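None of the values given here were measured: they were computed from a predicted structure. First the proteins, then the strands, lettered A, B, ... as listed; each starts at 1.
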Amino acid sequence: AQTVTQSQPEMSVQEAETVTLSCTYDTSESDYYLFWYKQPPSRQMILVIRQEAYKQQNATENRFSVNFQKAAKSFSLKISDSQLGDAAMYFCAYKLNYGGSQGNLIFGKGTKLSVKP
Amino acid sequence: NAGVMQNPRHLVRRRGQEARLRCSPMKGHSHVYWYRQLPEEGLKFMVYLQKENIIDESGMPKERFSAEFPKEGPSILRIQQVVRGDSAAYFCASSRGELYEQYFGPGTRLTVT
């Protein structure tokens, strides 16, 4: 069974600095997606960034980028120039790249990010 | 273009009552997923439905829980005879198809007293 592990329950970063959130996963599959979701206090789940496993190039979205190490099954999120609005719970998630009964998202337990002014 | 809508946002039930949670997917989406988030936990998959069909209910408790997605109207997650352990946030997500991105609603927070 696939699992997702986030080993940092809480992280803190100074405004304008850079922070990296860790995520590892376990799977025997080769074709899958990885995601980072943000959950602010409003509890709305917001997709931050996604990565297709077959792509070697790391995904980037503005201040957010990932370091995808497929062999190590590692998928970390880097937030540059941190802003107060980045404070939230961040969840790493995995999804097989086929549908049917295997198409659901598998989430880690989350990392709570605080941003200090 | 309205996003995924869930109602109610907050629901309080006494032990033994029934809870009905509704999810209206985004326009053009015919696939719905339900997830549950317990306090201090990530989201856990419960059930995946397409119009009038349950595709995967492997994450759903065997008793008291049921889900439907009728041809017309929202998807409903129904919890009968609620217990305190059912207190959680329930999220719905929708997508255009199995291999497409899932978009989440704001969730329903169920409190069982």
Applying the 4.5 Å side-chain criterion to the ILVMFWY set and letting contacts propagate, would A/L96 and B/V47 be lumped into a single cluster? no
Is the CE atom of A/M11 crowded by more than 12 outside heavy atoms at less than 6.0 Å? yes
Could you note down all residue pairs passing side chain to side chain donor-acceptor pair (under 3.5 Å) where residues 45-62 of chain A supplies at least one of them, sequence neighbours left out? A/R50-B/E101
Is the closest side-chain heavy-atom distance between B/F91 and A/Q44 below 4.5 Å? no
According to a hydrophobic-cluster definition based on side-chain heavy atoms being under 4.5 Å apart (Ile, Leu, Val, Met, Phe, Trp, Tyr only), do B/L11 and B/I79 belong together? yes
At a heavy-atom distance under 4.5 Å, which candidate from A/R43, A/Q39, A/M45 has the highest pair count against chain B? A/R43
Using atom types as modelled and distance alone, determine if a side-chain donor or acceptor of B/Y35 lies under 3.5 Å from a backbone N or O of A/N104. no
Quick check: A/F107 with B/F45 (ring centres under 6.0 Å apart)? no
Determine the option with the most heavy-atom pairs under 4.5 angstrom with chain A, choosing from B/Q50, B/K44, B/Q37. B/Q37
same_hphob_cluster(A/L105, B/M46) at 4.5 Å side-chain heavy-atom cutoff: no
Check: A/K109 and B/E40 side chains under 4.5 Å, non-hydrogen atoms: no
Do A/W36 and A/V13 sit in the same hydrophobic cluster, where Ile, Leu, Val, Met, Phe, Trp and Tyr count as joined when their side-chain heavy atoms come under 4.5 Å apart? yes
Pick one of side chain, backbone, both or neither for A/Q6, based on which atoms fall under 4.5 Å of a heavy atom in chain B. neither
Under a 4.5 Å side-chain heavy-atom rule over Ile, Leu, Val, Met, Phe, Trp and Tyr, are A/V66 and A/F64 clustered together? yes
Option that, when pairs with chain A are counted at under 4.5 Å, heavy atom only, ranks first among B/G105, B/G107, B/A89: B/G105
Close side-chain approach of B/Y103 to A/I46, heavy-atom, < 4.5 Å: no
